[in-house]
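One structure is given below, encoded as structure tokens.
A, B, ... follow the sequence lines: proteins, then strands. Residue 1 opens every chain.
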Amino acid sequence: MLKLHNTLTGTKDEFVPLDPNRITLYVCGPTVYNYVHIGNARPVVVFDVLYRLLSRLYPQVVYARNITDIDDKIINACAQTGEPMAALTERFSAAFAEDMAALNALPPVIVPKATDHIGDMIAMIETLVAKDHAYAADGHVLFAVESMPDYGKLSGRNLEDMLAGARVEVADYKRHPGDFVLWKPSSDHQPGWDSPWGRGRPGWHIECSAMIHKHLGDVIDIHGGGQDLIFPHHENEIAQGCCAHGTEYVRYWMHNGYINIDGEKMSKSLGNFRLVRDLLTHYPGEVLRFALLSSHYRSPLNFSADVLDQARKSLDSLYYALLGRGENVVAASGYRLPEDHPVLAALRDDLNSAEAISALHAIAARLNKAGPGDKPALKAELLAGAELLGLLGEDPTGWFQAAGGDHDLDAAYIDALVAERDQAKKSRDFARADQIRDQLKDAGVQLEDTREGTRWTRA
RNA sequence: GGCGCGGUGGCAGAGUGGUUAUGCAGCGGACUGCAACUCCGUAUACGCCGGUUCGAUUCCGACCCGCGCCUCCA
């Protein structure tokens, strides 16, 4: 059984797919007007694990993650640099794909772009207007929140509550202050598309609803994203999807917690963000991924160098288990994680990645202690468990020897010193041997004498 | 003001009505020429106050503290 926390019910519910032969998963992707920060990466990594898990449990998973390539923030970014919109969005889409690949996130099955679906959005808006859930006013088309009795059910608020806390001036063409934009007019120098309401561009929420409808269906199994999307984005998606197609839209809503810096939410508006791109110059992508998975996806994660260093060391201990004590162990082939395996059980419990990692350490401990005959099977088990989390995909020797900084010694030079030290050891010149080891240690290279010879790792 | 989340050992972080994860760091030991890796052992914990209970970190209530959403944001 797979249990998932559903924002709609507020509880951990058993996952019952609409069609067990075709699971549908949609995750909100980035607005491509700059590089993404580590907070943007959290849902990508979290739902990548969900995608891997679902793929293990069901024969087919249709996973879509959109690219928002029309938005006022993009228009503003272009206005500042003079770069054409298509060039800018293409550039940052590619950068996003690169960054996420560095975090070992599998590409989704479908990566729909908003600008490829303007016609679908217009059609959906027309449906909403025809059903009296939307109205045109002053060049805009607005969704009428009062036309939907249970509007607010996802975020747990009602229209009166929202009015009480309103901090924004209400445009006078709105019938109700909570009405939101489906379509808005573009000036001559703004990008726009022809529509029944004149030349304009879509509002933020409609693209996801339209693309879900086109690629995945009227009702999908799971929709994910960051907690800050619950309101208004996902609330409004529900309104659009349910009202346009007369169905329930999404069965399970999943939202990940924030990444914090010094206890405060990391966000573009606060300016306290860390770009994935910059972090990757200091840490392997797998360390970032491990850090993101080291706590539960719904909990806040306080991001710091300390967290990354601990992730690195924890990962090292797992790779050490794969590396062994110098013996050459080949993982058994054809291993498949059993249904009741602890790693699988942990992930099935609302994606408890922290517990899954702990289960990985338990396998590593058994692998370290095992006799030669048992090692291949345990190594295969460790690799299979880790793969569900998208971890331990590197060659262990490569993991430890990969150059990370500008001042790293090159491998040939290190090998030469190691050879010299071996000679010194053979002639029992331990003073010289230790001198070489200390010299390398100062340069960040750790030597280890194993039965099969000396090996080295970068600290 | 409305709605919601969280406070676990030095740090990170799971979990549970009683046997008290896991990783890193610490301490003692084994291994080693000495180390490193690994192994064995070990200390330190559940914000505060009440209640329920044979027994609560885990359930209930109040309180304190921190955070988030209500506006673009993963």
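One C1' atom belongs to B/rG29, the other to B/rG61, and the distance between them is 50 Å to the nearest Å. The gap from the C1' atom of B/rC54 to that of B/rU38 amounts to 45 Å, rounded to the nearest Å. Using P as the reference atom, B/rA43 and B/rG50 are 29 Å apart when rounded to the nearest Å. Atom name P, nucleotides B/rC67 and B/rU8: the rounded distance is 15 Å, in whole Å. Using atom P as the reference point in both B/rA30 and B/rG10, the two lie 29 Å apart (nearest Å). Taking the P atom of each, B/rU58 and B/rA35 are spaced 46 Å apart, rounded to whole Å. Taking atom P in both B/rG18 and B/rC5, one finds a spacing of 24 Å when rounded to whole Å. Separating the P atom of B/rG51 from that of B/rG66 is a span of 28 Å, rounded to the nearest Å.
A/D72 has its CG atom 10 Å from the C1' atom of B/rC72, to the nearest Å. For A/L351 and B/rG15, the CG to P distance is 12 Å, given to the nearest whole Å. Nucleotide B/rU22 holds its C1' atom 11 Å from the CG atom of A/L318, rounded to whole Å. Rounded to a whole Å, the CD1 atom of A/I363 is 14 Å from the P atom of B/rU22. Between A/H234 atom NE2 and B/rC69 atom P the separation is 15 Å, expressed in whole Å. Rounded to an integer number of Å, the gap from CZ of A/R348 to C1' of B/rG15 is 19 Å. When rounded to the nearest whole Å, the span between CE of A/M254 and P of B/rA74 equals 19 Å. Regarding A/I230, its CD1 atom lies at a distance of 8 Å from the C1' atom of B/rC69, rounded to whole Å.
Within the 4.0 angstrom heavy-atom criterion, only backbone atoms of the sugar-phosphate kind lie near A/G156; the bases stay farther away. Counting any heavy atom pair closer than 4.0 Å across all strands shown, A/H255 reaches no nucleic acid atom. Base contact: A/Q310 has a heavy atom under 4.0 Å from a base atom. Here A/G257 lies in heavy-atom contact (under 4.0 Å) with a base. No engagement by A/T457 is indicated, since no non-hydrogen atom pair under 4.0 Å with the nucleic acid exists. Using a 4.0 Å heavy-atom cutoff across all strands shown, A/N256 reaches at least one base atom of the nucleic acid. Using a 4.0 Å heavy-atom criterion, one finds that A/S358 contacts the bases of the nucleic acid, with or without backbone contacts as well. No engagement by A/R42 is indicated, since no non-hydrogen atom pair under 4.0 Å with the nucleic acid exists. A/S294 comes within 4.0 angstrom of the backbone, heavy atoms only, and of no base.
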- [ ] Summarise protein proximity over nucleotides 28-43 of chain B in one line of letters, 5' to 3': B for base, S for sugar-phosphate only, - for none, counting protein heavy atoms closer than 4.0 Å.
- [x] -----BBBBBSSS---
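A/Q227 contributes no side-chain N or O that forms a donor-acceptor pair with the base of B/rG68 under 3.5 Å.
Here the two rings, on A/H117 and A/H215, have centers that are under 6.0 Å apart.
A/A114 approaches A/T68 most closely through the heavy-atom pair CB-CA, 4.5 Å. Closest of all the heavy-atom pairs between A/L337 and A/A384 is CD1-CB, 3.9 Å.
For the salt bridge (Lys or Arg N to Asp or Glu O under 4.0 Å) criterion with A/R201, the lone passing option out of A/D71, A/D72, A/D69 is A/D72. When each of A/H205, A/H233, A/H140 is checked for a ring pair (Phe, Tyr, Trp, His ring centres under 6.0 Å) with A/F180, only A/H205 meets the rule. Tested against A/D449 for a salt bridge (Lys or Arg N to Asp or Glu O under 4.0 Å), the candidates A/R325, A/K425, A/R455 yield a single pass: A/K425.
No donor-acceptor pair under 3.5 Å is formed between the side chain of A/R451 and the backbone N or O of A/E327. In this structure a side-chain-to-backbone donor-acceptor pair under 3.5 Å is missing from A/K379 to A/V330.
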TODO: Verify salt bridge (charged side-chain N to carboxylate O under 4.0 Å, His left out) between A/D349 and A/K12, making sure each step is shown before the conclusion.
DONE: CA-CA 9 Å; A/D349 184 14; A/K12 211 153 52 169; 2.9 Å; yes
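Salt bridge absent: A/D422 and A/K426 never bring a charged side-chain N and a carboxylate O closer than 4.0 Å. One finds no salt bridge joining A/K313 and A/D309 here, because no Lys/Arg side-chain nitrogen approaches an Asp/Glu carboxylate oxygen to under 4.0 Å.
Under 3.5 Å, the side chains of A/E237 and A/Y26 contain no donor-acceptor pair of N or O atoms.
Annotated stems with RNA chain B as a participant read B:1-7 with B:64-70, B:10-12 with B:22-24, B:26-30 with B:38-42, B:49-51 with B:59-61, given as range with range, by first number; only runs of 3 or more Watson-Crick or G-U pairs under 3.5 Å qualify.
The A/S295 side chain lies nearest to B/rA14 when the options are B/rC69, B/rA21, B/rA14.
Between A/N352 and A/A41, the one whose closest nucleotide on RNA chain B sits nearer the 5' end is A/N352. With the nearest nucleotide of RNA chain B identified for both A/D306 and A/S155, A/S155 has the one nearer the 5' end.
In this structure, A/K268 reaches the B/rA74 phosphate: one of its side-chain N or O atoms is under 4.0 Å from OP1 or OP2.
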